[in-house]
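Right, one structure below, let's go through it.
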Amino acid sequence: MPNSTLPGCYGARNLVAIRASRLDADGTRICPNTDGSAFMVGGAISFAMNQVVDTGQTDTQRDGNGAVCNTDTSPDIVTGIGGDLTLCIFDFQMIEVLTGARLLVDGSTAIGIELPDPAETPPVVEFHAWAKAWSGGGIAAAPYSYVHLAAFSTQWRIGDMTFEENALEVPLTFTGKANENIVIGSFDDIPLDVQGDGFAAIWFADDVPDADASPYNDNGLDCGYVDTPVCTAS
């Protein structure tokens, strides 16, 4: 266990931003990649990540009279992750990056999607989310003001939608696995000591990327495509 000094025992509040980047099938980065990522500041209602567990087994030996001689129990094993993302806006470009849906355009404007062919394999995606790190009654002091989550290798599908009187939610679901090829990520912001050995990582970060600053300023909006920048060495 590494020696470290904790910046503080902080809570977390609010889902502030999300980002998705396409990867090669083996989980390696594609960078640079024009329109290879999507970024949203606001617009996401919730992101949930669950562990997929292979339940442990208990082996019990009994004697000829039914009394227990001995038992042995194997532990639960986490085999992957899964979960869901719920949006309150139709960010068709984000949905295309995540699911591989076909983007429908009118000139240069994204106006819709066609759901993917069921026979197609969903793309492999590196997914990030940011929340506020919370201390007492306010946001934690810099440089640890945010909680940054990264899932290293995910595959997504569009969830079920209901059109009704109230506001529509846009659901997506995913499964994920480990990815040792992710290194420091498509935007070079995964800590060096993480390196994708597990399924995901969570850490304190100094900020949320600025949607109006490079490399997030391709579209002038707080949603949609951004270019995956040139990767630096891992």
Side-chain angles (χ1 to χ4, degrees), residues 15-44 47 49 81 85 87 89-105 108-110 113 116 120-130 146 148-158 172 174-192 194-203 205-234:
L15 177 59
V16 178
I18 60 173
R19 188 184 73 217
S21 299
R22 287 283 183 88
L23 303 173
D24 276 328
D26 65 355
T28 55
R29 302 174 293 174
I30 308 172
C31 43
N33 187 11
T34 302
D35 292 344
S37 297
F39 183 56
M40 289 178 64
V41 178
F47 171 71
M49 185 175 68
I81 54 175
L85 171 70
L87 308 179
I89 60 173
F90 276 108
D91 183 343
F92 293 121
Q93 294 175 335
M94 172 66 76
I95 295 170
E96 187 276 329
V97 169
L98 289 172
T99 68
R102 186 169 72 90
L103 190 68
L104 308 179
V105 296
S108 60
T109 303
I113 52 167
E120 294 182 358
T121 301
V124 179
V125 175
E126 171 192 341
F127 183 81
H128 292 247
W130 286 263
Y146 292 90
H148 187 166
L149 175 144
F152 304 131
S153 177
T154 62
Q155 291 178 288
W156 295 76
R157 68 173 179 84
I158 300 172
L172 300 106
F174 76 96
T175 58
K177 58 186 178 181
N179 179 13
E180 293 187 0
N181 292 326
I182 194 65
V183 291
I184 58 176
S186 299
F187 282 73
D188 303 329
D189 56 0
I190 297 176
L192 285 170
V194 173
Q195 294 289 303
D197 295 324
F199 306 110
I202 306 170
W203 63 94
D206 58 352
D207 61 9
V208 171
D210 185 348
D212 296 322
S214 179
Y216 295 88
N217 57 350
D218 291 45
N219 55 21
L221 302 172
D222 288 348
C223 67
Y225 287 145
V226 292
D227 295 340
T228 307
V230 175
C231 291
T232 60
S234 59

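The shown structure was predicted, so the numbers you read here are calculated from the model rather than taken from an experiment. Any value given below was found using the heavy atoms of this structure, including those in side chains, with hydrogens, waters and symmetry copies removed.
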Taking every non-hydrogen atom, the tightest pair across S21 and S186: CB-OG, 3.7 Å

4.5 Å side-chain heavy-atom contact, F47 and I18: no

Over all atoms of both residues, closest heavy-atom pair of P215 and F187: CG-CE2, 3.7 Å

Heavy-atom check, side chain of V183 versus side chain of R29, under 4.5 Å: yes

Least distance between heavy atoms, C223 atom then M40 atom: CB-CG, 4.0 Å

Expected output: side-chain D26 to main-chain T28 donor-acceptor under 3.5 Å: yes

F39 and Y216 aromatic ring geometry - parallel, tilted or perpendicular at 30°/60° bounds: tilted

Shortest non-hydrogen separation from C31 to P229 and the atoms involved: CB-O, 2.9 Å

Point-to-point distance, once rounded to the nearest 0.5 Å, from CG of D91 to CD1 of I113: 10.0 Å

Note, V97 side chain near S37 side chain (heavy atom, < 4.5 Å): no

Separation between CG of L103 and OH of Y225, rounded to the nearest 0.5 Å: 4.5 Å

Point-to-point distance, once rounded to the nearest 0.5 Å, from CG of L172 to CZ of F127: 9.0 Å

Aromatic plane relationship, H148 with W203 - under 30° parallel, 30 to 60° tilted, over 60° perpendicular: tilted

Closest heavy-atom pair and its distance - F152, G198: CD1-O, 3.2 Å

Side chain to side chain, I184 and L192, heavy atoms closer than 4.5 Å: yes

Residue among I30, T154, I190 satisfying side chain to side chain contact (heavy atoms under 4.5 Å, CB included) with E126: I190

Residue pair L98 / F174, side-chain heavy-atom distance below 4.5 Å: no

Close side-chain approach of V226 and R19, heavy atoms under 4.5 Å: no

Smallest separation among heavy atoms of M49 and L149, with atom names: CE-CD1, 3.9 Å

D227 side chain vs D35 backbone, donor-acceptor pair below 3.5 Å: yes

N/O donor-acceptor pair under 3.5 Å between N179 side chain and G27 backbone: yes

Pair L23-N181, side chain to side chain contact (heavy atoms under 4.5 Å, CB included): steps then yes or no: CA-CA 10 Å; L23 303 173; N181 292 326; over 6 Å; no

Non-neighbouring partners of R157 that pass salt bridge (Lys or Arg N to Asp or Glu O under 4.0 Å), sequence neighbours left out: none

